[in-house]
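One structure below.
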Amino acid sequence: MINLEPPKKAGALINQAYQAASHVLRPISRKYDRAEHAYPSELDMFAAVLDGLNSSGEGGAGAAGVRRNEKEQAKGNRNGGNLSTVLGTIEMCWGDVALLLSMPRQGLGNAAIASVANDEQLARFGKLWAAMAITEPDCGSDSAAITTTAVEDGDSYLLNGEKIFVTSGQRADAVVVWATLDKSKGRAAIKSFVVEKGTPGFEVVRLEHKLGIRASDTAVLRFDNCRVPKENLLGSPEIDTKKGFAGVMQTFDNTRPLVAAMAVGLARAALEETGRILAEAGVTVDYDQPANNQHAAAAAYLELEADYEAAYLLTLESAWMADNRKPNSLQASMAKAKAGRSVVDITLKCVELAGAFGYSEESLLEKWARDSKILDIFEGTQQIQQLIVARRVLGKTSSELK
């Protein structure tokens, strides 16, 4: 039996992350939502604290990734760094999702490096702030359709292509870029490369204006004969058509629980604020009475809480499985799908329940409703997650079930 309550040893981490979210992130949340593309300088000192948490192996935010240490022989159920990272991310995103994404060295590129880099690459790239560049103008949810190329040239690869919607694409020190070694060999030829800022041929084209997570910069990147050392390729350079896309797609299994955790933290923030507003309005939520015997607003609130709880437990399960070196592709996609859809439903309903106050800038509810939508889109859309879950449950390949 898996106990999905937070382990006692994570109590100090959860409290520390909550205090940071409450006293550092939440107070400046509205400020940087209004000041889109302005760098939140208040985060610099705080990022150093998270560096210490992540380097200790206990996790703290998104950068720790989901790393399976095959040398470590797990004995019984283990609650390790992956679960701690998810728990810390939940607390931090209770404060502000965009500000967590804006924090140096806490990006999804860092999670990918932490998850799949070898020891030498970890030593070289571990202290960089890394973004993740996957999506292209003609390639969205279908990552296998990537057209950015990496052509071997001596002891380097030449990268050519364009990437869009790159979170922290301007601010980060490096970008983890997905590119194909050979288009004719399909999915198996797609690899990820660490490209550092300042590399000739690497250009930040523009920044996007967005519906939500405005504190986080989102960039368009271009690579024009960008020369990248061979040792910057993450994973094996071999094109294994039998293994297919599995190697590079493992990155998603590693980062989807973290995005699910972001959604869970944001949903909890909205529920807590809405609960406070309902209480002030004289609406009592009674957990000892059936929902259909209560005020309509209370019944709606109970339904939202149940949705939140399901997303929360699925997210913890996917991280727990990684800690215990169990394949978690199905669970990671289930958690991402459930949390991504739930946070959108929850935040929009919370705006509705709060009435005019929820729709105004007097409350953060309207901001959270805008922020929530991206959590259902990036790292694989709702539809893609459901497709992955269907393939895993039915035992179908990507060619058999599209």
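Position 1 is the first residue of the sequence; numbering continues from there. Remember, predicted model here, so these are calculated numbers, not experimental data. As a basis for the values below, the full set of heavy atoms in this structure was taken, side chains included, without hydrogen atoms, waters or symmetry mates.
- The CD atom of E162 lies 12.0 Å from the OG1 atom of T135; values are rounded to the nearest 0.5 Å.
- A donor-acceptor pair under 3.5 Å is absent between the side-chain atoms of K163 and the main chain of M132, judged by distance alone.
- Here the side chains of V86 and L258 are in contact, with some heavy-atom distance below 4.5 Å.
- A salt bridge does not link K367 to E361: none of the charged side-chain nitrogens sits closer than 4.0 Å to a carboxylate oxygen.
- In this model, no donor atom of one side chain and acceptor atom of the other lie less than 3.5 Å apart for Q294 and D286.
- In this structure, D138 places its CG atom where only 12 or fewer heavy-atom neighbours from other residues, nucleotides or ligands lie under 6.0 Å away.
- Heavy atoms from other residues, nucleotides or ligands lying under 6.0 Å from CD of E303 number 12 at most.
- Without hydrogens or angle criteria, S168 side chain to L101 main chain gives a donor-acceptor distance under 3.5 Å.
- Residue pairs meeting the salt bridge (charged side-chain N to carboxylate O under 4.0 Å, His left out) criterion with at least one partner in residues 170-183, sequence neighbours excluded, are R171-D217.
- Here ring-ring contact (aromatic ring centres under 6.0 Å, His included) pairs that include residues 199-228, with residues two or more places apart or in two chains, are H37-H209, F202-F223.
- Among residue pairs with one or both ends in residues 13-27, none qualify as salt bridge (charged side-chain N to carboxylate O under 4.0 Å, His left out); sequence neighbours excluded.
- N110 contributes a side-chain N or O that, together with a main-chain N or O of A130, makes up a donor-acceptor pair within less than 3.5 Å.
- Residues L122 and A114 share a closest heavy-atom pair of CD2-CA, 3.9 Å.
- The structure places CD of Q331 at 12.0 Å from OG1 of T315, a figure rounded to the nearest 0.5 Å.
- A distance-only check finds a donor-acceptor pair linking the side chain of D96 to the backbone of A98 [under 3.5 Å].
- Under the 3.5 Å distance criterion, with hydrogens and angles disregarded, a donor-acceptor pair is assigned to the side chains of S342 and D307.
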Quick one: do C350 and I346 satisfy side chain to side chain contact (heavy atoms under 4.5 Å, CB included)? Show the steps, please.
CA-CA 6 Å; C350 285; I346 289 169; 4.0 Å; yes

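- Scanning all heavy atoms of the two residues, the minimum distance from A291 to A299 falls at O-CB, 3.4 Å.
- Residues V343 and A263 share a closest heavy-atom pair of CG2-O, 3.3 Å.
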Could you give me the CA-CA distance, side-chain angles and deciding distance for V176 and F193, then say whether side chain to side chain contact (heavy atoms under 4.5 Å, CB included) is met?
CA-CA 5 Å; V176 176; F193 302 80; over 6 Å; no

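- When side chains are defined from C-beta on, Y157 does not count as touching V151, because their heavy atoms never get closer than 4.5 Å.
- Using a cut-off of 4.0 Å between Lys/Arg side-chain N and Asp/Glu carboxylate O, K230 and E152 are scored as salt-bridged.
- With hydrogens and angles ignored, the 3.5 Å screen pairs no side-chain donor or acceptor of K210 with any backbone N or O of A215.
- Side-chain atoms of I14 and S84, non-hydrogen and from C-beta on, never get closer than 4.5 Å to each other.
- Contacts of R206 classified as side chain to side chain contact (heavy atoms under 4.5 Å, CB included), with partners at least two apart in sequence or in another chain: E208, V220.
- The distance from atom CD of E120 to atom CZ of F125, rounded to the nearest 0.5 Å, is 7.0 Å.
- Looking only at atom types and distance, the side chain of R392 has a donor-acceptor partner in the side chain of S329 under 3.5 Å away.
- Considering OG of S102 and CG of L43, their distance stands at 6.5 Å, rounded to 0.5 Å.
- For R30, the salt bridge (Lys or Arg N to Asp or Glu O under 4.0 Å) partners are D33, E366, not counting sequence neighbours.
- Of the charged side-chain nitrogens involved, none lies within less than 4.0 Å of a carboxylate oxygen, so that E379 and R256 do not count as a salt-bridged pair.
- The environment of D155 atom CG is sparse: at most 12 non-hydrogen atoms of other residues, nucleotides or ligands sit within 6.0 angstrom.
- With contacts defined as side-chain heavy-atom distances shorter than 4.5 Å, the pair T147/E136 qualifies.
- N324 places a side-chain N or O within donor-acceptor distance of the main-chain N or O of W320, the cut-off being under 3.5 Å.
- When all heavy atoms are compared, the tightest approach of P27 to A21 is CD-O, 4.3 Å.
- Atoms CZ and CD1, from R105 and I113 in turn, are 12.5 Å apart once rounded to the nearest 0.5 Å.
- Side-chain contact check for P7 versus L83: some heavy-atom pair is nearer than 4.5 Å.
- For the residue pair A354 and I277, the shortest heavy atom distance occurs at CB-CD1, 3.9 Å.
- Counting only heavy atoms from C-beta outward, the side chains of E352 and Y359 never approach each other to under 4.5 Å.
- Side-chain atoms of K336 come within 3.5 Å of backbone N or O of L375 as a donor-acceptor pair.
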CA sep, side-chain torsions, deciding dist, call: E91, S22, side chain to side chain contact (heavy atoms under 4.5 Å, CB included):
CA-CA 9 Å; E91 298 302 322; S22 178; over 6 Å; no

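- In this structure, CE on M103 lies 7.0 Å from CG on L99, to the nearest 0.5 angstrom.
- A side-chain donor-acceptor contact under 3.5 Å links T89 to the backbone of T85.
- Screening E196, Q121, R124 for a side chain to side chain donor-acceptor pair (under 3.5 Å) with N232, the sole residue that qualifies is R124.
- The backbone N or O of I213 lies less than 3.5 Å from a partner atom in the side chain of D371, making a donor-acceptor pair.
- The shortest distance between side-chain heavy atoms of V205 and L221 does not fall below 4.5 Å.
- No donor-acceptor pair under 3.5 Å is formed between the side chain of T381 and the backbone N or O of I377.
- Counting all heavy atoms, side chain and backbone alike, D376 lies closest to V344 at CB-CG2, 4.1 Å.
- Between N160 and T148, every side-chain heavy-atom pair lies at or beyond the 4.5 Å cut-off.
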Could you check F165 against F378 for ring pair (Phe, Tyr, Trp, His ring centres under 6.0 Å), going step by step and ending with a plain yes or no?
CA-CA 9 Å; F165 301 131; F378 71 3; over 10 Å; no

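- The list of salt bridge (charged side-chain N to carboxylate O under 4.0 Å, His left out) pairs with a residue in residues 271-283, not counting sequence neighbours, reads R268-E272, E273-R276, R276-E280.
- With 3.5 Å as the limit, one finds no donor-acceptor pair spanning the side chains of Q170 and Y39.
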V228/S156 under side chain to side chain contact (heavy atoms under 4.5 Å, CB included): CA gap, chis, key distance, verdict
CA-CA 5 Å; V228 180; S156 306; over 6 Å; no

